Number of protein chains: 2
Amino acid sequence: MTSPEFPAPEMSEVQLVDILRAVADPIRLEIVRVLADGEPHSKPGDEWGFDVHKSTLSHHFKALREGGLTLTFVSGRTHAIQLRRRELDEKFPGLIDALVTAGQSPAARPNSFGVRIR
Amino acid sequence: MTSPEFPAPEMSEVQLVDILRAVADPIRLEIVRVLADGEPHSKPGDEWGFDVHKSTLSHHFKALREGGLTLTFVSGRTHAIQLRRRELDEKFPGLIDALVTAGQSPAARPNSFGVRIR
DNA sequence: TTAACTGTTTGACAAGTATCAAACAATTGA
DNA sequence: TCAATTGTTTGATACTTGTCAAACAGTTAA
């Protein structure tokens, strides 16, 4: 079963600065970029490829959740994490996109038609 | 005369995380929002309306400059600060816009940090 | 030259944070 | 029931950071 989420703030209480503090870390920023599709991702430490202890990774997941960026679902003894993409896009328009897009080559960036130049 | 800028990094060396760390502070975020027009602004502490010591404000200006967000110009005994808007928009499309646009209703904002001048 | 002005730099300090390691809790499988 | 699995929590530590206060440096005015 997928049930008791870990506590996360209401989006109405989330301030822009909270979001920025949460992503102002290389590891957490990379996590957000991976989660950008808005789908749930399982979070076994191994698959992320970060060279940090599992407790450190857990600390970062907590920072993202408490910063208002993600939700955590528990399913058996595994957990899943999901970016609150819809809520974030509504309250902070363009922010997640900017975080994901930044640094990519211009050709890889979506244009106004949502289509990539080939 | 307007001349010796303080040292600022080349935009090619600026990482997204540096930018995010620089704006992940209430005072610096507000400064960036004010500077968002890309024009030079004089920086006498009084006009910003923050309730911090002048040396603290100077520290924040330095953080923005070293983070790659701003340039500082010296003119006589006054200084001016300017957001590197064009460069930032090119390298991090939509980011500054998102920071300025994001969140609170315009009415709720002018001083959402509760800080005042001393 | 001397004093006032504008802002930076340095020093000190409290608070926050990224990290590892070990202990812990819940679940699943044998 | 017992052991393995998955991830969190707690404790310790080193590092970073936001802040004030005081000293400093360059410029302008008297």
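These values consider heavy atoms only, across backbone and side chains, with no hydrogens, waters or symmetry-generated copies. No experiment lies behind these values; they were computed from the predicted model shown. Residue numbers begin at 1 in each chain, while the letters A, B, ... track the order of the sequences.
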| query | Which comes earlier along DNA chain D counting from the 5' end, the contact point of B:Ala63 or that of A:Thr78, where each point is its nearest nucleotide? | reply | A:Thr78
| note | Those residues at least two apart in sequence (or on a different chain) that pass side chain to side chain contact (heavy atoms under 4.5 Å, CB included) with B:Glu90 are none
| request: Ignoring hydrogens and angles, answer whether the base of C:dT27 and the side-chain atoms of A:Arg77 contain a donor-acceptor pair closer than 3.5 Å. | output: yes
| query | In whole angstrom, what separates A:Ile27's CD1 from C:dT17's P? | reply | 16 Å
| query | Separation of B:Ile81 atom CD1 from C:dT6 atom P, in whole Å? | reply | 18 Å
| message | Nearest whole Å is fine: how far is D:dT16 P from B:Arg21 CZ? | response | 10 Å
| side chain to side chain donor-acceptor pair (under 3.5 Å): pairs with one or both residues in residues 20-29 of chain B, sequence neighbours excluded | B:Asp18-B:Arg21, B:Arg28-B:His60
| request: Calculate the interatomic distance between B:Leu64 atom CG and D:dG18 atom P; express it in whole Å. | output: 11 Å
| task | Take nucleotides 8-14 of chain C nucleotide by nucleotide from the 5' end and write B, S or -, depending on whether a protein heavy atom sits under 4.0 Å from the base, only from the sugar-phosphate, or from neither. | result | BB-----
| task | Test ring-ring contact (aromatic ring centres under 6.0 Å, His included) on B:Phe61 and B:His79 and set out the steps. | result | CA-CA 11 Å; B:Phe61 285 138; B:His79 296 194; 9.3 Å; no
| request: Consider the side chain of A:Val52, meaning its heavy atoms from C-beta on, and name the nucleotide among D:dT19, C:dC20, D:dG7 that approaches it most closely. | output: C:dC20
| remark: Atom NE2 of A:His41 and atom P of D:dG7 are separated, to the nearest Å, by 15 Å
| Atom CZ of B:Phe73 and atom P of C:dG7: how far apart are they, to the nearest Å? | 15 Å
| query | Listed by chain and number, what are the side-chain hydrogen bond (donor to acceptor under 3.5 Å, both in side chains) partners of A:Glu66, not counting sequence neighbours? | reply | none
| query | How long is the line joining CZ of A:Phe50 and P of D:dG7, in whole Å? | reply | 15 Å
| Partner residues of A:His41 under the side-chain hydrogen bond (donor to acceptor under 3.5 Å, both in side chains) criterion, sequence neighbours left out | A:Asp37
| query | With sequence neighbours excluded, what pairs up with A:Arg85 under the side-chain hydrogen bond (donor to acceptor under 3.5 Å, both in side chains) test? | reply | A:Asp89, A:Asp97
